[in-house]
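Take a look at the structure below.
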Number of protein chains: 2
Amino acid sequence: MNESLTGTRERILAAAAEIFGARGFKAATIRQIAEAAGVNVAAINYHFKGKLGLYTEVLEALLSEGFTRYPADMGLCPEAPAAQRLEAFVRSFCNRLLGPEGWGGYHGKARLIVKEMADPSPALAEVVDHHIRPHKRMLVEIVQELLGPGVAPQAALACTFSIVGQCFYYAMAQPLLTLLAPEREDVETRIEELAEHVLIFSLGGIDKIVDSLSVAPGDGGGP
Amino acid sequence: MNESLTGTRERILAAAAEIFGARGFKAATIRQIAEAAGVNVAAINYHFKGKLGLYTEVLEALLSEGFTRYPADMGLCPEAPAAQRLEAFVRSFCNRLLGPEGWGGYHGKARLIVKEMADPSPALAEVVDHHIRPHKRMLVEIVQELLGPGVAPQAALACTFSIVGQCFYYAMAQPLLTLLAPEREDVETRIEELAEHVLIFSLGGIDKIVDSLSVAPGDGGGP
DNA sequence: AGTTGATTTAAACGGTTGTTTAAATCAACT
DNA sequence: AGTTGATTTAAACAACCGTTTAAATCAACT
C-alpha cells in the first residue's frame, strides 16, 4: 500500500482510495483523508475541485486498475467456445471483485462499489459508461451464444443478471453472510472455489432456461 | 400511506419508516422525520431513546410485517416436494422484497435493507437473529433435499447463496440496472416473471451441481 | 538577490447534525 | 380550583461537515 509517494497529489489520491474504500463517499471526510495523507484540507480543494472531484478520480482509477489487472476475457481469443469465455468472465470477475490484488471484497475497496449501489454518487454514471457497460455487453453475448439462436434478448439479460448477481452477492452481503454462517471462512480465501461454483450453477441454469423456453414458451411447464 | 394516526408516537413511526426507507439510517435526519410527522425534534428523543432507537424499532417492524404478509412457505405444508417449496420460497421472497405490498424494491423500503448491507447499523444483528436466520435455515433444507443425500453442507450453502443472490441483486443493484438497461421497465412490475426465471435458473443450477459432484468430485470435470 | 507564479498552510465561515435543557402545555385525579 | 405527572415545545449546545480566505512558503528563472 505505502509506496512512499512524494508528490502531495499522489499522497492524497492514495489516502483517499483507502479512506473512501473503508467508509464510502458520504461517510468519509476530507479531514480524515487530509490527515492520512499528511496534508492540509485546503490542499485537497486546491488539487481536486472538491470532495466529489477527488472521489471521481479515485473511483475512475479503481475501476481502471481492476479491469486492467483482471481482463474479462483472461487473454482468451473471442472465437473460443462460449463456455470457456464464460469461465474466463466469471473467474476474472470474482478475482477482480474479491481478490487481494483486486478490490479485496467487502473489506477492501469493493466496498466503494457496494456503497455506490446503496446510494449512487454523480460519479457512478461515468464509470458505468467507461467500464461496466462494455463488460455487460460482453457477457450478454456469451450468454446469447450459450442460449442459442432465436431466444428473446430479455431472457439473455435475465441470465446475465443471474450470473452477475451471484458474484455480487458475496461482495455486497458480506455483513449478512458472516452473521448467518460465521463458521464459514471469508470468501476472499476461496475465490476459485466460488468462481467454479458460480460457473457450474450458471451453466446449469442456462441449460434449464433453454429447456423451459423450447418446451413450453408461455405456460408454467407441463408435468 | 397516510392512515391519519392520532398518537404522536405512531405518527413518528410512520414518518420514520418513510424517511428512513428513502434515505437510509445515516442520511436521514431526525429533523426531516420530525417535520414529516408534525412534531418537535425533542419528541423523538423522548419517545424513543434517540435516532438509533427509533431506527431499530422501524427496522424490526418492517421485517416483521414483510415476513408476515409474505410467508416463505406460502401456506405450503412442510411435506410438499422440495421443488414446490423452493417455488414458494422464491416467489414469496421476490414479492416481499420487490412488491408494492411488500418492501417496494430499491425505490421503496427495501432500500433500508440495502443500506444496512452497505454499512450495517447495530440494529442488523437483531433482525438477522429474529427473522433472517430461520428463513436461511429453511432454504438450506430445501436445497439439501434437492441436492440429495451425501452432499457436503457447504455445497448446499453455496447454492442457497446463489439463489438468494439473484433475487437480492435486483433490489440492490437497481441504480446499475437502470443505467445498463434503461429500456427495461422496472423490475417491480414484473415480479412473477423474475421469480419464475430465478426458480428455473436455480433448479437447473442445482441439477448441474449434483452432476459435477457425482461425476468428478475433485477436478474440473471431464471433457 | 529579486521577482513571479504555483503550492501549502492556519484559520475562519456558514451550515447541518444529534442531543439536551428548561420552560410551557396538557390530562387526570383529589 | 389545585396538584401531579406525563407530554410537547422553543431554544440552545457542542461537534462536525465541506469550502473559502488570505497569508506564508516554496521553486524556478532573470
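Order of the sequence lines sets the chain letters (A, B, ...), proteins ahead of strands, with each chain counted from 1.
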Measure from the side chain of [X], starting at C-beta and using heavy atoms only, and say which of [options] lies closest.
X       : options               : answer
B/Tyr46 : D/dT8, C/dG18, C/dT19 : D/dT8
A/Thr29 : D/dC17, D/dT20, C/dT7 : D/dC17
B/Val39 : C/dT9, C/dT7, D/dT9   : D/dT9
B/His47 : D/dT7, D/dA11, C/dG18 : D/dT7
A/Ala42 : C/dT8, C/dT9, D/dC17  : C/dT9
A/Ile30 : D/dG18, C/dA6, D/dT9  : D/dG18

In whole angstroms, how far is the [atom2] atom of [N] from the [atom1] atom of [X]?
X       : N      : atom1 : atom2 : answer
A/Ile44 : D/dT19 : CD1   : P     : 10 Å
B/Phe48 : C/dT19 : CZ    : C1'   : 16 Å
B/Asn40 : C/dT21 : CG    : C1'   : 12 Å
A/Arg31 : C/dA10 : CZ    : P     : 13 Å
B/Ile33 : C/dT17 : CD1   : C1'   : 13 Å
A/Lys49 : D/dT20 : NZ    : P     : 9 Å
A/Arg23 : D/dC16 : CZ    : C1'   : 14 Å
A/Asn45 : D/dT19 : CG    : P     : 5 Å

| query | Out of curiosity, A/Leu147 CG to A/Ile142 CD1, how far, rounded to the nearest 0.5 Å? | reply | 12.0 Å

| Under 3.5 Å, is there a donor-acceptor pair between the A/Gln166 and A/Ser202 side chains? | yes

Pairing partner of [N] (Watson-Crick or G-U wobble, both distances under 3.5 Å):
N      : answer
C/dT30 : D/dA1
C/dG15 : D/dC16
D/dT25 : C/dA6

| field | Electrostatic pair B/Glu57:B/Arg9 at N-O distance under 4.0 angstrom | value | yes

| note | Quick note, ring pair (Phe, Tyr, Trp, His ring centres under 6.0 Å) partners involving residues 177-204 of chain A, not counting sequence neighbours, are A/His197-A/Phe201

| Where each residue is assigned the nucleotide of DNA chain D containing its nearest heavy atom, which of B/Gly38 and A/Gln32 is assigned the position nearer the 5′ end? | B/Gly38

| said: Looking at A/Met117, is its backbone amide N or carbonyl O close enough to the side chain of B/Tyr106 to form a donor-acceptor pair, meaning the two atoms are under 3.5 Å apart? | reply: yes

| Within the structure shown, what part of the strands sits under 4.0 Å from A/Ala28 by heavy-atom distance: base, sugar-phosphate, or nothing? | sugar-phosphate

